[in-house]
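The block underneath contains the structure these notes are about, expressed in structure tokens.
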2 protein chains.
Amino acid sequence: MTTAKRDTYTPETLLSVAVQVFNERGYDGTSMEHLSKAAGISKSSIYHHVAGKEELLQRAVSRALDGLFAVLEETGAVRGRAVERVEYVTRRTVEVLVAELPYVTLLLRVRGNTRTERWALERRREFDHQVAELLKAAAADGDLRADVDIRLATRLLFGMVNSLVEWYRPHPGTTADQLADAVVHMALDGLRTVRG
Amino acid sequence: MTTAKRDTYTPETLLSVAVQVFNERGYDGTSMEHLSKAAGISKSSIYHHVAGKEELLQRAVSRALDGLFAVLEETGAVRGRAVERVEYVTRRTVEVLVAELPYVTLLLRVRGNTRTERWALERRREFDHQVAELLKAAAADGDLRADVDIRLATRLLFGMVNSLVEWYRPHPGTTADQLADAVVHMALDGLRTVRG
DNA sequence: GTCTATATTACGATAGAC
DNA sequence: GTCTATCGTAATATAGAC
């Protein structure tokens with residue numbers, strides 16, 4: 001039922017163009033003129049598809065946040081020790097980050113100048129908080145080193161994960177699985193009570 | 001010889017105000033009007049001290065880069081095994097990052113829209129490259145695990161280090177030394193061939 | 001060194017034709 | 001759905017008084 005000719009924009013296809021430009025120039029550094037040039041249509045045509053620049057941002061960060069919170073739901077369903085859930089949430093977050101790379105990239109760079117941006121920051125804080133609770137539980141189980149500050153460890157771990165968006169590009173010889181392996185291995189081998 | 005009264009701005013004191021606003025709102029999201037309000041002087045008074053917005057950015061990222069490259073010079077003078085230089089450069093980078101927090105924060109968020117920004121990105125790449133060479137040497141010595149990709153490990157390690165700017169604030173109970181300990185411990189215990 | 005006023009350009013968004 | 005033309009605002013920067 002999908003049309004064979006795919007020349008006109010939908011909000012979704014326009015979004016993919018916009019997000020790419022936002023990530024290259026920064027959201028505030030991107031004008032409607034920039035978007036218009038990149039999409040190959042006029043400024044006013046963009047307004048036919050979306051209400052404005054901020055709607056594009058809203059759609060982008062929503063998509064990223066949906067992916068991340070889905071990971072938290074999956075993680076809650078994982079049986080076993082808390083440390084296994086820590087590994088699971090880390091691995092799946094890397095995968096979502098890779099799968100939704102431009103959207104998550106944009107989310108991670110939001111500053112808080114508009115209502116949309118402040119909402120995104122608030123939801124990110126909620127995600128971080130829930131991850132920190134997982135590490136706390138793993139520490140309570142005795143599966144993480146007793147001498148590490150859990151809040152600090154969470155921040156370093158997800159700082160490492162989030163930094164992927166700064167350099168990872170699809171298929172330069174590295175898959176999401178390999179990335180997740182490297183992150184989990186580097187992080188948990190430094191956090192585990194029992195050494196291999 | 002310093003004047004007792006310190007009410008008027010110099011380029012340096014104005015810079016410290018500007019960099020703070022840049023980090024709150026983003027460089028592109030900050031107008032001269034925003035800077036004027038934050039500094040408590042008019043827009044045109046700002047032009048008396050600096051040529052414009054981009055000069056403030058230039059001064060800020062230069063200061064950050066000077067700190068980081070000074071670390072590389074120190075590191076080259078450290079005797080012993082390469083892995084000790086890896087630990088040294090990591091620890092000192094954390095310290096510089098904390099000491100020059102707002103300046104490094106701004107540097108790490110630069111996108112590349114202007115000549116100044118592209119120059120900053122180029123110098124950052126040079127820093128990253130030199131650090132990668134250190135890890136490569138440590139791997140060649142057999143002091144890093146043989147199964148890790150060195151370029152990837154470098155990126156994860158310094159992704160973790162750089163992520164500090166996203167949350168660290170002076171003295172919420174954490175000193176630069178403690179931070180450096182945590183980073184080095186988490187990173188190297190996962191990278192070392194020989195386990196403790 | 002700081003100000004008010006203003007020149008000039010760029011921006012987000014709309015109007016209305018096709 | 002896309003366009004050209006344009007409105008109103010906000011941006012960087014300058015002029016010139018004090």
Side-chain angles (χ1 to χ4, degrees), chain A residues 2-61 106 110-118, chain B residues 2-61 106 110-118:
Chain A
T2 50
T3 44
K5 267 275 187 181
R6 251 274 147 262
D7 244 352
T8 191
Y9 280 111
T10 64
E12 292 307 305
T13 58
L14 185 60
L15 180 62
S16 71
V17 174
V19 168
Q20 198 177 342
V21 184
F22 287 159
N23 283 328
E24 281 166 8
R25 307 189 55 90
Y27 176 72
D28 285 321
T30 302
S31 70
M32 294 304 278
E33 184 74 27
H34 291 133
L35 294 183
S36 138
K37 291 270 174 59
I41 59 178
S42 69
K43 274 195 293 177
S44 56
S45 292
I46 294 176
Y47 287 95
H48 178 78
H49 300 289
V50 293
K53 201 174 139 181
E54 194 167 359
E55 185 187 316
L56 289 165
L57 181 65
Q58 165 73 44
R59 284 174 180 267
V61 297
L106 192 57
V110 147
R111 295 310 319 154
N113 294 337
T114 66
R115 182 175 293 274
T116 296
E117 294 181 60
R118 287 186 289 274
Chain B
T2 51
T3 43
K5 266 274 186 183
R6 250 274 147 260
D7 243 353
T8 191
Y9 279 111
T10 65
E12 292 307 305
T13 58
L14 185 58
L15 181 62
S16 72
V17 174
V19 168
Q20 198 177 342
V21 183
F22 287 159
N23 284 328
E24 279 165 9
R25 308 191 53 94
Y27 176 71
D28 286 321
T30 302
S31 69
M32 295 303 279
E33 182 74 27
H34 291 133
L35 294 183
S36 134
K37 291 270 172 61
I41 59 178
S42 70
K43 277 191 290 178
S44 56
S45 292
I46 294 177
Y47 287 97
H48 178 78
H49 299 288
V50 292
K53 203 174 136 180
E54 195 167 358
E55 184 185 317
L56 290 165
L57 181 65
Q58 165 74 43
R59 285 173 179 270
V61 298
L106 192 56
V110 147
R111 297 309 318 154
N113 294 337
T114 65
R115 182 173 293 271
T116 297
E117 294 181 58
R118 286 187 289 275

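Every chain is numbered from 1, with letters handed out A, B, ... down the list of sequences.
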request  = Quick one: pull up CE in Met32(A) and CG in Leu35(A) and give me the separation to the nearest 0.5 Å.
outcome  = 5.5 Å
message = Please report the distance, rounded to the nearest Å, between NE2 in His34(A) and C1' in dC11(C).
response = 11 Å
inquiry  = Quick check for you: among dA11(D), dA13(D), dA13(C), whose closest atom lies nearest to any side-chain atom of Tyr47(B)?
reply    = dA13(D)
ask   = Rounded to the Å, how far apart are Leu35(B) CG and dA10(D) P?
value = 17 Å
Contacts of Ser16(B) that satisfy side chain to side chain contact (heavy atoms under 4.5 Å, CB included) - sequence neighbours left out = Tyr103(B)
Kindly give the atom pairs (protein nitrogen or oxygen, nucleotide nitrogen or oxygen) under 3.5 Å for nucleotides 1-5 of chain C.
from	atom 1	to	atom 2	distance (Å)
dG1(C)	O3'	Thr8(B)	OG1	3.1
dT2(C)	OP1	Thr8(B)	OG1	3.3
dT2(C)	OP2	His49(B)	NE2	2.7
dC3(C)	OP2	Ser42(B)	N	2.4
dC3(C)	OP2	Ser42(B)	OG	3.0
dC3(C)	OP2	Ser45(B)	OG	3.0
dC3(C)	N4	Ser44(B)	OG	3.0
dT4(C)	O4	Ser44(B)	OG	2.6

message = Tell me the interatomic distance from Lys37(A), atom NZ, to dA10(C), atom C1', rounded to whole angstroms.
response = 12 Å
Ser44(A): side chain to side chain contact (heavy atoms under 4.5 Å, CB included) partners, not counting sequence neighbours = Ser42(A)
request  = Measure the distance from CD on Glu33(B) to P on dA13(D) and round it to the nearest whole Å.
outcome  = 14 Å
query = What distance do Tyr47(A) atom OH and Ile41(A) atom CD1 have between them, rounded to the nearest 0.5 Å?
reply = 11.5 Å
note = Ile46(B) CD1 to dA11(D) P, in whole Å, measures 13 Å
ask   = Has the side chain of His49(B) got a donor or acceptor atom that lies under 3.5 Å from a matching backbone atom of Ile46(B)?
value = no
key: Partner set under side chain to side chain contact (heavy atoms under 4.5 Å, CB included) for Asp28(B), not counting sequence neighbours   = Asp28(A), Asn113(B)
Less than 3.5 Å apart, which donor and acceptor atoms pair up between the side chains of residues 50-59 of chain A and the rest of the protein, not counting sequence neighbours?
from	atom 1	to	atom 2	distance (Å)
Lys53(A)	NZ	Tyr27(A)	O	3.2
Lys53(A)	NZ	Thr30(A)	O	2.7
Glu54(A)	OE2	Thr114(A)	OG1	3.0
Glu54(A)	OE2	Thr116(A)	N	3.4
Glu54(A)	OE2	Thr116(A)	OG1	2.8
Glu55(A)	OE1	Ala51(A)	N	2.8
Glu55(A)	OE2	Arg59(A)	NE	2.9
Glu55(A)	OE2	Arg59(A)	NH2	3.3
Gln58(A)	NE2	Ser62(A)	OG	2.9
Arg59(A)	NH1	Glu12(A)	OE2	3.3

key: Strand contacts (DNA chain D) in residues 25-32 of chain B, 4.0 angstrom heavy-atom criterion   = Thr30(B), Ser31(B), Met32(B)
ask   = Mind checking what makes salt bridge (charged side-chain N to carboxylate O under 4.0 Å, His left out) contact with Lys37(B), not counting sequence neighbours?
value = Glu33(B)
